[in-house]
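Heads up, the thing below is written out as structure tokens.
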Amino acid sequence: MKRYDEARTELRVTYAHMIQPHRQRWLWAHDQVGVIPLGTGTIAAGIGGEGKSTFMLDLAAQLTNGTLPGDLYGSRENVIIFGPEDDWPTVMVPRLMAAGADLSRVAQVQAATITESFTSERELIFPVDRGLLREAVKETGARMVIIDPAPNLMDGDMNKVQDVRRSYGPLMALAQEHDLAIILINHFGKGAGNVGAKLSGSHAWRDLTRSYLAFASDPDTGERILTQDKNNYGTGRGSWKFTLESVDVPTEDGNTNVGKVRFLGASEVTVGELINREYGEDSAEDRNELDNWLIEILTEAGGSMSVKEIKTSAASSGYEFKTLQNRRPKIRNPKVTTGRNGFGKGSIPFWQIEEESSIDPGQNTIDPIDPDPESARTYDGTYEESSVSSIDPDQMIIDPVRSEARTYRDLCAETGTYEPELCTKMDCTRHAATGHEWCQHHIDLRQRRFDVEAKRQGDAA
């Protein structure tokens, strides 16, 4: 008997003329430039204490009063807030009061476990409780959902792409379905570097959302800076400044002191400038973040990835490929090595993860510089370029691991210690000769021109 609840997959083809186009709508648009879109997610990040949570509560307060600049201006809307790190009676509600929010339009949503003897409440966990969030959105009619901090409310590892996408991907679909904005608040990692690479955890946090707002403090002025690093649905990527003013909020137990946002408008300073001003561009901690990102995308790709694909992923995540090239040979445990699929001009360069060699450091192996078996010495896991600077990269030497003849370039590519420079002549893809900025081909061409010129001058004399 056929079961009517069986799922099946069918092909659906929809042509563009059948899709009704519409203008992108914005929850918040400053000076008529969209910043936080409706129908999708926005991520807000910064180190602790930079005011990102307070700033989002200020926007929420304006939304409840119908005064938030954007497509919902003039309409008093409801907000759902998840804030497991902040106590509602002593922190969340006083902050909302200081921001002037209509408290009747701000909802705390939890999951309740009910038995005959007791009832317990807990925060929602995603994607497990996405059904409860959908129910809450329908019940409240919320147009803004704040999840603060988002990594604390996910079921999985914040450093794994698939876990992040599995947890919050369904919420992006919910945002589109109900034309609301979902704000995911996260933290920064340590060190300097590109703002796009500063998000803690997997790069999926940035890829999943369509708007990315970064927060930092300017130590020279004491102002807080907000920079839009990503805006897929708009043309604006500005920076703004605000301060947090200390205000007293009355409660039944007496006054409590909280922070309140005072928005100051556009800023000429960006979060990226502040980060690099504090740490310097060569921060070792940030370089380690780049290493982790590279290892992560290679692992997800099955261990190897073409250079072209790596360049594309790096650009979308805000990394400079040249920086990755400089970092690659230094990565250890595991190493990232290079190679080529195929031969000649049609070959495809790739990078791959390779576990460290299992050779005993005290094991005697053939010295790659002096392949004479009698010169066997202990293997230290690397072949230092500085010690073999005079070796031709294409010279055949004995591989101490496989005991077979290979080029020095191929041998060192596996250990990550040899990164040959390219010839500086325009459009030349050959490797530069050792100790020279040109390849051997162009060096030979120059020598021939010298020889011809010398012969010509000799004949003239």
Side-chain angles (χ1 to χ4, degrees), residues 23-44 50-83 86-109 133 136-148 174-175 178-185 211 213 215 223-224 226 228 233-234 236 238 240-252 255-266:
R23 180 183 62 84
Q24 175 60 45
R25 287 161 51 80
W26 300 92
L27 176 80
W28 178 39
H30 179 69
D31 287 342
Q32 299 183 333
V33 176
V35 182
I36 297 181
L38 285 164
T40 187
T42 291
I43 191 156
E50 297 294 10
K52 51 190 180 294
S53 299
T54 305
F55 188 88
M56 290 303 163
L57 290 182
D58 184 75
L59 297 184
Q62 294 179 59
L63 183 62
T64 64
N65 291 306
T67 59
L68 182 63
D71 281 287
L72 300 180
Y73 181 82
S75 177
R76 298 165 64 90
E77 302 290 348
N78 292 351
V79 178
I80 291 175
I81 299 176
F82 297 93
D86 293 320
D87 182 62
W88 275 71
T90 61
V91 178
M92 192 71 74
V93 172
R95 283 183 178 178
L96 290 166
M97 293 172 65
D102 180 348
L103 299 183
S104 68
R105 292 187 173 276
V106 181
Q108 178 190 28
V109 174
L133 176 58
V137 168
K138 290 181 178 179
E139 180 178 328
T140 64
R143 304 301 296 278
M144 181 183 191
V145 176
I146 302 174
I147 304 177
D148 180 17
L174 179 67
H178 292 276
D179 193 33
L180 58 88
I182 293 181
I183 312 297
L184 303 179
I185 296 182
S211 176
L213 305 176
F215 291 75
E223 297 169 344
R224 312 300 173 99
L226 160 64
Q228 183 153 42
Y233 293 159
W240 303 272
K241 54 188 176 181
F242 64 97
T243 60
L244 293 181
E245 299 179 339
S246 180
V247 298
D248 287 331
V249 174
T251 72
E252 293 183 355
N255 289 344
T256 184
N257 190 266
V258 295
K260 177 183 178 180
V261 169
R262 182 163 69 93
F263 191 69
L264 302 176

Identify every side-chain donor-acceptor pair in residues 241-249 under 3.5 Å, counting partners at least two apart or on other chains, and give the distances.
| residue | atom | partner | partner atom | Å |
| --- | --- | --- | --- | --- |
| E245 | OE2 | R262 | NE | 2.4 |
| S246 | OG | N257 | OD1 | 2.5 |
| S246 | OG | N257 | ND2 | 2.8 |
| D248 | OD1 | N257 | ND2 | 3.0 |

Using atom types as modelled, flag every donor-acceptor pair under 3.5 Å from a side chain in residues 26-41 to any protein atom, sequence neighbours excluded.
none

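Here the CD atom belonging to Q62 is positioned 11.5 Å from the CG atom belonging to L57, to the nearest 0.5 angstrom. Here the straight-line distance linking atom CD1 of I80 with atom CZ of R143 works out to 12.0 Å at 0.5 Å rounding. To the nearest 0.5 Å, atoms CE (M56) and CZ (F215) are separated by 4.5 Å. A distance of 11.5 Å separates OG in S53 from CD1 in I183, rounded to the nearest 0.5 Å. The distance from atom CD1 of I182 to atom CG of L180, rounded to the nearest 0.5 Å, is 5.5 Å. Put simply, CG on L68 and CG on L59 are 5.5 Å apart, with the number rounded to the nearest 0.5 Å.
S75 meets the side chain to side chain donor-acceptor pair (under 3.5 Å) test with E77; sequence neighbours excluded. Residues satisfying the side chain to side chain donor-acceptor pair (under 3.5 Å) test with T42, not counting sequence neighbours, are none. For T251, the side-chain contact (heavy atoms from CB on, under 4.5 Å) partners two or more places apart in sequence, or in a different chain, are D253, T256. Every residue two or more places apart in sequence or in another chain that forms a side-chain contact (heavy atoms from CB on, under 4.5 Å) with V93 is listed here: W88, M97, L103.
Using a 4.5 Å cut-off on side-chain heavy atoms (C-beta onward), L72 and L63 make contact. Two residues are said to be in side-chain contact when any heavy atoms from C-beta on lie closer than 4.5 Å; I43 and L213 fail this criterion. Side-chain contact between I147 and I185 is absent, with no heavy-atom pair separated by less than 4.5 Å.
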- Task: Begin with the C-alpha distance, continue with both residues' side-chain angles, and end with the deciding distance and a verdict on side-chain contact (heavy atoms from CB on, under 4.5 Å) for M92 and D87.
- Result: CA-CA 6 Å; M92 192 71 74; D87 182 62; over 6 Å; no

- Please report the C-alpha distance between W240 and Q228 in whole Å, then the side-chain angles of each, then the deciding distance to 0.1 Å, and finally whether the side-chain contact (heavy atoms from CB on, under 4.5 Å) criterion is met. CA-CA 9 Å; W240 303 272; Q228 183 153 42; 4.2 Å; yes

- Item | M144/I146 under side-chain contact (heavy atoms from CB on, under 4.5 Å): CA gap, chis, key distance, verdict | CA-CA 7 Å; M144 181 183 191; I146 302 174; 3.8 Å; yes

- Task: Give the C-alpha distance, both sets of side-chain angles, the deciding distance and a yes or no for side-chain contact (heavy atoms from CB on, under 4.5 Å) between K138 and H178.
- Result: CA-CA 9 Å; K138 290 181 178 179; H178 292 276; 4.0 Å; yes

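Scanning both residues, L264 and E223, for their nearest heavy atoms gives CD1-OE2, 3.8 Å.
The local environment of OH in Y73 is sparse, with at most 12 non-hydrogen atoms from other residues, nucleotides or ligands closer than 6.0 Å. More than 12 non-hydrogen atoms from other residues, nucleotides or ligands lie less than 6.0 angstrom from CD of Q108.
In this structure, N65 contributes its side chain and A61 its backbone to a donor-acceptor pair below 3.5 Å. Using modelled atom types, one side-chain atom of R105 and one backbone atom of R76 make a donor-acceptor pair closer than 3.5 Å. Between the side chain of D148 and the main chain of G83, no donor-acceptor pair closer than 3.5 Å is present.
In summary, D58 and R95 do not engage in a salt bridge, as defined by a charged side-chain N under 4.0 Å from a carboxylate O.
D102 and S104 are linked by a side-chain donor-acceptor pair at a separation below 3.5 angstrom, with hydrogens and angles left out of the test.
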